[in-house]
There are 4 protein chains.
Amino acid sequence: MTKYKSGEWTKQQIIDATFRLIADKGYDDMSIEDIMNEVGKTKGAFYSHFQSKEDLLYELMRTKLDRKFDEIAEKTLNKLKEEPCDVREILLQLLEMVYQGSTGSDPVWSATYYQFFLMSRKNPFIREWLQEQYREWESFMATVVRRGQELGQIRSDIEARVIGNLLIAAFQGYELRLIVDPKADLFEERKLVESFFR
Amino acid sequence: MTKYKSGEWTKQQIIDATFRLIADKGYDDMSIEDIMNEVGKTKGAFYSHFQSKEDLLYELMRTKLDRKFDEIAEKTLNKLKEEPCDVREILLQLLEMVYQGSTGSDPVWSATYYQFFLMSRKNPFIREWLQEQYREWESFMATVVRRGQELGQIRSDIEARVIGNLLIAAFQGYELRLIVDPKADLFEERKLVESFFR
Amino acid sequence: MTKYKSGEWTKQQIIDATFRLIADKGYDDMSIEDIMNEVGKTKGAFYSHFQSKEDLLYELMRTKLDRKFDEIAEKTLNKLKEEPCDVREILLQLLEMVYQGSTGSDPVWSATYYQFFLMSRKNPFIREWLQEQYREWESFMATVVRRGQELGQIRSDIEARVIGNLLIAAFQGYELRLIVDPKADLFEERKLVESFFR
Amino acid sequence: MTKYKSGEWTKQQIIDATFRLIADKGYDDMSIEDIMNEVGKTKGAFYSHFQSKEDLLYELMRTKLDRKFDEIAEKTLNKLKEEPCDVREILLQLLEMVYQGSTGSDPVWSATYYQFFLMSRKNPFIREWLQEQYREWESFMATVVRRGQELGQIRSDIEARVIGNLLIAAFQGYELRLIVDPKADLFEERKLVESFFR
DNA sequence: GATGAATGAGAGTTCATTCAT
DNA sequence: AATGAATGAACTCTCATTCAT
């Protein structure tokens, strides 16, 4: 069907290389040449696939980060429908999925992700994208917590949305800590989740 | 009136300007020229006070960020000694101090702070400094929580250190969110703190 | 309806697009991609029709500019044979033909034409082509003026060739001015022509 | 007085080198590196003196071209006040001054000058500057011609301004021709000027 | 302590051109 | 005849840094 599939292939390779590099060096310190050295093509070839360095960033957001949320959300919501349903266990698995990048459990995801936080200060497009991400996570987490409350597994004296937001904030806070100290123990986080159960 | 001797005056001005700029544009996008334009001196003068751009960063850490923690910790620990002692109220005030930058309540502090997280990936010096910061906060927060437990104001079935870490993580998670959406409501966070009390 | 056979069709489209673009942006600022965007084909297709960007330029010279002179010269010389013959009127009409580009009276022709003047400095081929153009115009204009002198409509105390060269120079000088100020009044030019008549 | 005069010196050298190069290669084909190679400094040094390549162009206009007109105008108007006053001779000398660049009589001036005509199509700043130049020349030439008419040396049946404009146009037309054929004889032009005298 | 000039490495980007398909 | 991918050289511009004054 596709006459020139090598094009899409290269494009994907660029995105993958960028994903690695952005986590490793940061957006600003990663040059087009760095990327293309990893890909094994020349700098000029980059511009056959992307209009600019910024354009690449947006492509990365769409194909890597957006997709990740969708994937996690879908898996989790499916689990919620199963019987019997252990919401506490589901949350712990959710945690695992968030923290594990495609390359394993090193904090590649986090570092890449937090690049966007900083860029959001000067780039309105990224800012809105992140706000949208927050809205999606908020809504998704509230759904999970509400299910836990319905099943009597999570305390019901606090709004589901509030607990959800707390979980998001704490998760992100821990992720941040992992950037600084990748060997930090995840034991705390399990405790955290437990503390909201009966 | 002059807080610093004439030599130190310019140096301090550079640090202050950097603090503003690093939050505004980020470390990489902030040039020595930008800084010195704010200060009102020429680029060359910068090197009369600092050996390099990196050197400036370390100065900033020492004179601005370290000092902030010390200040907050001291004030809080003093309050803990008072009678009667409302740990819940003290935690809320702590929150205020953390979130309020020198210029008010805009997320200047946060943005500056998170620059260091990213730089920590490639700069071992910064990484160690941040790890040390975490250790200090962990210990400090555990002290505060333990006091609350002693007074029966905080649930005792969870280790003080674990609750402390949760608070730190959640605080940072919320701070992160404020970068993206500066108008986000802080009401949730109060709820969060309350949820650990009897 | 199709003036050119299917193969030549694209080639002609390229030349037409180039003609528009070279006037609009200039030779250097007009890229092959610009041209092919106008044509609606991809960059690579360009090289099915031309060997290089320079080659295109030569084609343009031959098919657009040369042809224009031939056309104008033929029409004018025919009018000179008519009876009665008003050389003054013929010169004014000549002026109109020179100034009117294919798209109307905007200074497209001029701008394109003057591109060649500049390129002539580094390109001997273009230089010789322009010198040849001058020779043709010089000879042609001398013929027109001589006819006017024979009919007693133009002063005879100055050589026909000299007056012809003056007219060419002045015409080009005015054309140049139109590049800068497209709304400049052409009234002067008519006066100019008249001034050589009795 | 000036602590760092080498700065002004370098700046002038850049302008001079540019003046040569722009005539030789044209604005677009002349790179910053070309210029600085001539000057004998590195590329980066360029930006200590000019903000951009465009900025250099404006500086060139102001310091080279504007100044040239002022100089010519002043000299000519002074001659007009002398007694006896041969306007015809003055015009011929004016011609010489216009055509002779600083480096002799090669068509450096012309080529540089005509660069601006082309650039005027896309650069409004240059366009306005050229329009202003035209206004100044028009007014100046009209003054010269009017003086000739007063002295009975130039025919009075045509408006001074119209004759002036003709002279400007013809001069520029001849200049243009010199770009293409630098060895073209200037004899015609003298004839041209004479043709308006009694 | 401060200045202005200069350096040199490297950034993002453009573009004429080639070529397998 | 046309495509899309790739090349490689060139370009403008940035910036941390050095240094004589």
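Naming: A, B, ... by sequence-line order, numbering from 1 per chain. Everything numeric here is computed off the predicted structure, so don't read it as measured data.
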Query raised in the report: Quick one: are Asp55(B) and Tyr47(B) in side-chain contact, heavy atoms under 4.5 Å?
Result: no
Query raised in the report: Reckon Thr10(A) has a side-chain N or O less than 4.0 Å from the OP1 or OP2 of dA5(F)?
Result: no
Report task. Mind calculating the distance between CD (Gln12(B)) and P (dG1(E)) to the nearest angstrom? Result -> 15 Å
Report task. Write down the distance between CD1 (Ile35(A)) and C1' (dT13(E)), rounded to a whole number of angstrom. Result -> 14 Å
Query raised in the report: Is Arg121(D) close to Lys25(C) at the side-chain level, that is, under 4.5 Å between some pair of heavy atoms?
Result: no
Query raised in the report: Are any of the side-chain heavy atoms of Ile126(A) and Met61(A) separated by less than 4.5 Å?
Result: yes
Query - Atom-to-atom span, CZ of Phe50(B) to P of dT18(F) - whole angstrom - result: 15 Å
Query raised in the report: Taking for each residue the nucleotide of DNA chain E bearing the nearest heavy atom, is the 5' side occupied by Ala45(C) or by His49(B)?
Result: His49(B)
**Report entry** Value in whole Å for how far the C1' atom of dG8(F) lies from CE of Met36(A)
**Finding:** 13 Å
Report task. Compute both the distance and the angle, then confirm whether Lys53(A) meets the cation-pi test with Phe46(A): under 6.0 Å from the six-membered ring centre, within 45 degrees of the axis. Result -> no
**Report entry** Leu65(D) CG to Leu57(D) CG distance, which is reported to the nearest 0.5 Å
**Finding:** 9.0 Å
Query raised in the report: Dot-bracket, DNA chain F: Watson-Crick or G-U, under 3.5 angstrom, [ ] crossing, | other strand?
Result: .||||||||||||||||||||
Report summary line: B/S/- along nucleotides 10-15 of chain F (protein heavy atoms under 4.0 Å) is BSBBB-
Report task. Nearest whole angstrom, please: distance from the P of dA5(E) to the CD of Glu8(D). Result -> 8 Å
Requested in this report: Begin with the C-alpha distance, continue with both residues' side-chain angles, and end with the deciding distance and a verdict on side chain to side chain contact (heavy atoms under 4.5 Å, CB included) for Leu60(A) and Phe116(A).
Outcome: CA-CA 11 Å; Leu60(A) 185 80; Phe116(A) 288 94; 4.2 Å; yes
Query raised in the report: Do Thr42(A) and dA6(F) have a side chain to base donor-acceptor pair shorter than 3.5 Å?
Result: no
Query raised in the report: Sequence neighbours excluded, which residues qualify as ring pair (Phe, Tyr, Trp, His ring centres under 6.0 Å) partners of Phe125(D)?
Result: Tyr58(D)
Query - Note, Ile15(B) side chain near Gln12(B) side chain (heavy atom, < 4.5 Å) - result: yes
Query - Contact summary for Ala45(D) and Lys41(D), nearest pair of heavy atoms - result: CB-CB, 4.1 Å
Query raised in the report: Roughly how many Å is it from CG in Asn37(C) to P in dT3(F), rounded to a whole number?
Result: 11 Å
